[in-house]
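Okay, so here's the structure we're looking at.
Every number for a ligand or one of its atoms is a count from 1 in the order of the listing.
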Amino acid sequence: MTSQAGTAKAWGGRFTEAPDRRLEAFNASVAFDVRMIREDIRGSIAHARMLGQQGIISPDEARQLEAGLWQVLAEADAGDFALTIADEDVHTGVERRLREIVGGVAGKLHTARSRNDQAGTDLRLWTKGALVALMQGVLDLADALAEVAAANAELVMPGYTHLQRAQPVLLAHHLLAYVEMLSRDFDRLRDAYRRTDVMPLGAGALAGVTYPIDREMTRADLGFDRVSANSLDAVSDRDYVLDTLYACAVIAMHCSRLAEEVILWSSAEFRFLELADAFTTGSSIMPQKKNADIAELARGKTGRVYGNLVAMLTTAKGLPLSYNKDLQEDKEPLFDSVDTILATLGVLPPMMRTARWRGDRMAEAAIADFSLATDAADLLARNGVPFREAHEITGRLVRDCIAQGKTFADLTVEEWAAIHPVFARERPALTAIESLRARDVPGGTAPNRVAEQLVAARERLAGARAEAAALDEARSAVMRAVPQQS
Ligand code: ARG
């Protein structure tokens, strides 16, 4: 005798009581995992094709399932098909709609599959897409900074340590430092992609499945690089989510540092740059205000991106093998970090491109506060004075100048000569450009070195751009793979 389950749940058979409404709401992931609906349907199409080819279901049943799934996808794309809490998650929701379209044969789709390997497959497909979008976002910002560097190749600014003026540098050099950070961010994303590119499908609930499935066929159809090697690991691994969250956290940190500098530089205290009106906001009370809200938000949102990483690390900690429902908590932090970073990478490039640089202000600040003192010490050292001694002599000179209210430029030839015989023959650099040119080492701020750096950075960015485009294209090809005629 078959007792009637209270609902049409995918797992209803064993139950005599209908689920409590409160359980249903708490348990459901459909409100957020609906974002993976395209990946879910595409994964099911691959699975149905494979079941048909292996004779696990008949070729005709496989065709019916595939045709129905394409229709569900078209409805989802058109926004014609809504999932509800009663669907529990996107996986059961899609199957429910498929049953409405193709009837009882829909019940064969879940042969040789579990929601555990299915959910992992969907999320990996989704994450691969997100990683490509993040790679492109990172490159957008790097390109914008390289462009601003190239367009302002002459501008000199103070370089800082401890936020104290230290030595003059080129603005381009400073901006290219961020290009380096963003290149590493690209690498981190690319690396996360490599580890995400593994197909769990075929792991079943945890132990593998009892049917003669062809995992290689599904892998190739879905464009994964390889299949998971251990079914227990396959359904419980979320390292790739953590890799992505970590990569997002570092991007957020880099964006936040850039944002902080923009905030400082656009203040009246610095006045190194002026942000375009279109990328600033005003105050509702102080009519004169122009606030760097975008930069502040880029800095502020870093908090939630870090939080998402810690949340997922904590969720995964202490889980026994293999799948546990805790793992459903993987999606919201991931989606939030990806959304937040993509939004940030959407606004920072145009904000940087449209900013106006105050070359006069930066040049003035670049040589103020004895920023050329190292050059003076270096001149002595080049002439045989041990550097420690040269440092001491120059330090005393700075102290005396401060006491007398003078700068290096105010000192007469006689005064220089009195400090050290070397200075009688030759005076140290008194302009920023001399100081810059002297730093002619690979990676240094000499204009020729910065030009070299810019060329290398642009080449690297172009290579990365091509790599991301190829991944994007491969993914699009999988997502639009036309119905098979067999
Ligand atoms: N919504 C679930 C998740 O995101 C799908 C897998 C459910 N599996 C299960 N055995 N209840 O993790």
Taking only distance into account, with no hydrogens and no angle test, what donor-acceptor pairs under 3.5 Å do side-chain atoms of residues 463-475 form with protein atoms, sequence neighbours excluded?
residue : atom : partner : partner atom : Å
R465    : NH1  : D140    : OD1          : 3.2
R465    : NH2  : D140    : OD1          : 2.9
R465    : NH2  : D143    : OD2          : 2.8
E467    : OE2  : R190    : NE           : 2.6
R475    : NH1  : L125    : O            : 3.1
R475    : NH2  : E39     : OE2          : 3.2

Using a 3.5 Å cut-off on N/O to N/O, what pairs does ligand 1 make with the protein? A line per pair would be great.
residue  : atom   : partner : partner atom : Å
ligand 1 : 1 (N)  : S29     : OG           : 3.0
ligand 1 : 1 (N)  : D89     : OD2          : 3.3
ligand 1 : 1 (N)  : Q328    : OE1          : 2.8
ligand 1 : 4 (O)  : K331    : NZ           : 2.7
ligand 1 : 8 (N)  : N116    : OD1          : 2.9
ligand 1 : 10 (N) : N116    : OD1          : 3.0
ligand 1 : 12 (O) : Y323    : OH           : 2.4

Main-chain N/O of R358 paired to R271 side chain as donor or acceptor, under 3.5 Å: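 Not a single qualifying donor-acceptor pair exists.
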Polar side-chain atom of R215 near backbone of S228 as donor-acceptor pair, under 3.5 Å: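 Flag set: sc R215 to bb S228 pair under 3.5 Å.
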Under 3.5 Å, sequence neighbours excluded: what are the donor-acceptor pairs made by side chains of residues 74-87?
residue : atom : partner : partner atom : Å
E75     : OE1  : R97     : NE           : 2.7
E75     : OE1  : R97     : NH2          : 3.4
E75     : OE2  : Q71     : NE2          : 3.2
E75     : OE2  : R97     : NH2          : 3.0
D77     : OD1  : R38     : NE           : 3.1
T84     : OG1  : A86     : N            : 3.2
D87     : OD1  : R96     : NE           : 2.9
D87     : OD2  : T84     : N            : 2.9
D87     : OD2  : R96     : NH2          : 2.6

Pairs meeting criterion salt bridge (charged side-chain N to carboxylate O under 4.0 Å, His left out) with involvement of residues 302-321, two or more places apart: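 As it turns out, the salt bridge (charged side-chain N to carboxylate O under 4.0 Å, His left out) pairs with a partner in residues 302-321, which skip direct neighbours, are R304-D336.
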Pi-cation contact, F224 with R124 (under 6.0 Å, within 45°):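 So R124 doesn't make the cation-pi contact.
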